[in-house]
Amino acid sequence: MKLLILNGPNLDMLGVREPDIYGDLTLAEINDYIENTFKDQDVTFEFFQSNHEGELVEKIHSTHDSDIDGIVYNPGAHTHYSYALRDAVSSVSTPVIEVHLSDIKSRDEFRKKSVIAFACEGQISGLGKDSYVKAIEIFLKNEGDVLWQRSVKTDEEVETLKEAQKIADKAFFEMFGQVKSGMTELEVKDILEKAMLANGAEGFSFPTIVGTGPNAADPHAIAGENVLDSGQSVVIDFGVIYKGMCSDTTRTIFVGRPHGELLRAWLATKDAHETVAREVKIGMTGKQCHDRSIEVIDDYGFAGCMPHGLGHGVGRDIHEKPVLSPRCRAKLVKNNIITIEPGVYIQGKFGIRLEDCGVLTENGFESFTSITHDLIVID
Ligand SMILES: O=C1C[C@@](O)(C(=O)O)C[C@@H](O)[C@@H]1O
């Protein structure tokens, strides 16, 4: 295992800097202590310190798809305000444990909050140089498996998400009864969002996506004045927030029965979805799940037509770990809540996506939604 020991601003001043709080060892001495403590174990270290936010962002990015298995990160004062570093941590699949020499919870008011903790697997604070040691031990004990505490949901969270999904399902059925060819994407979005709120949503997990025709070829399509027209697919990606948890669903509806390439793309998407939903199990990596969906889509002749990852974790945040993408080497565990959302997108023509959100149990993937996987066609 290879770990990056990453230190942020002013930690190069350890030894000199407020020794009553941070101790009298220099950073080089702490790094030696780490090396010595683990010299007989199967772990190597890279050490990096910077006083510059951008350099730290880039260092974190560089661990993505690299030989680094984890980061032990003391962000220094960035802990309390740097959303850029929090986003950097969220951007990579590398698991990160945040550490602090001092106990930040018992110090100044502004130090009590970490904006970075949210994106990390855990936080260890107040053990001096042993905060680093403890974090490394956690990595070693888990042997590279998912440490992602937040990605493992409690049974209560699973139940809440099922309730959230019921609201989303009801809203979809209500919307479906009203959608017709000739409406604009914005009109469809409006009907769906009103139905979500009427059924108990506290808000939306993300801006609802409604994309028709060529606009649907953008996985993040923004609803506009495009009109639903015969022969088109309409991608509708939506989610409710309920008791603080986010649901996430996508259905593609068709204006008139699809034919030719559009029908083939639909069959490829459905097959990719159902293959992974059937085969995914505890212990598979996010990459394996993603690759399996790509295999199926390629077999239908749509190689290169899915520009995004297969799915992601969902919970209090709409994008949580684990990420079902080529960069996720971590293994899935029981009570991960994940989305499976393959799609086929042909630029200038159409897009298709089929997404369910569900929980990973000992018996495999249990989808939360009751919305059909069959063709949904409107006139
Ligand atoms: O620079 C640091 C060091 C620190 O991260 C620690 O290790 O205790 C705590 C931070 O509040 C402070 O800004």
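Note: hydrogens, waters and symmetry copies are ignored here, and every other heavy atom, side chains too, is used. Both ligands and their constituent atoms are indexed starting at 1 by order of listing.
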Under 3.5 Å, which donor-acceptor pairs do the side chains of residues 220-231 form with other protein atoms, sequence neighbours left out?
{"residue": "Asn226", "atom": "ND2", "partner": "Glu185", "partner atom": "OE1", "Å": "3.0"}
{"residue": "Asn226", "atom": "ND2", "partner": "Glu185", "partner atom": "OE2", "Å": "3.1"}

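- Taking 4.0 Å as the cut-off between side-chain N and carboxylate O, Lys2 and Asp69 do not count as a salt-bridged pair.
- Ring geometry for His308 versus Tyr345: interplanar angle over 60°, hence perpendicular rather than tilted (30 to 60°).
- Using cut-offs of 30° and 60° for the angle between ring planes, the His80 and His100 rings count as parallel.
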Which side-chain N or O atoms in residues 253-264 pair as donor and acceptor under 3.5 Å with protein atoms at least two apart or in another chain?
{"residue": "His259", "atom": "NE2", "partner": "Arg257", "partner atom": "O", "Å": "3.4"}
{"residue": "Glu261", "atom": "OE1", "partner": "Lys349", "partner atom": "NZ", "Å": "2.9"}
{"residue": "Arg264", "atom": "NH1", "partner": "Tyr300", "partner atom": "O", "Å": "3.1"}

Pairs under 3.5 Å, nitrogen or oxygen of ligand 1 with protein nitrogen or oxygen:
{"residue": "ligand 1", "atom": "1 (O)", "partner": "Arg17", "partner atom": "NH1", "Å": "3.1"}
{"residue": "ligand 1", "atom": "1 (O)", "partner": "Arg17", "partner atom": "NH2", "Å": "2.8"}
{"residue": "ligand 1", "atom": "5 (O)", "partner": "Asn74", "partner atom": "OD1", "Å": "2.8"}
{"residue": "ligand 1", "atom": "5 (O)", "partner": "His100", "partner atom": "ND1", "Å": "2.8"}
{"residue": "ligand 1", "atom": "7 (O)", "partner": "Asn74", "partner atom": "ND2", "Å": "2.8"}
{"residue": "ligand 1", "atom": "7 (O)", "partner": "Leu101", "partner atom": "N", "Å": "2.8"}
{"residue": "ligand 1", "atom": "8 (O)", "partner": "Leu101", "partner atom": "N", "Å": "3.3"}
{"residue": "ligand 1", "atom": "8 (O)", "partner": "Ser102", "partner atom": "N", "Å": "2.8"}
{"residue": "ligand 1", "atom": "8 (O)", "partner": "Ser102", "partner atom": "OG", "Å": "2.5"}
{"residue": "ligand 1", "atom": "11 (O)", "partner": "His80", "partner atom": "NE2", "Å": "2.7"}
{"residue": "ligand 1", "atom": "11 (O)", "partner": "Arg111", "partner atom": "NH1", "Å": "2.9"}
{"residue": "ligand 1", "atom": "13 (O)", "partner": "Ala77", "partner atom": "N", "Å": "3.2"}
{"residue": "ligand 1", "atom": "13 (O)", "partner": "Arg111", "partner atom": "NH1", "Å": "3.1"}

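- Think of Phe206 as one node in a network of Ile, Leu, Val, Met, Phe, Trp and Tyr side chains linked at under 4.5 Å; its network also takes in Val158, Leu161, Met245, Val314, Ile318, Ile337, Val359, Phe368.
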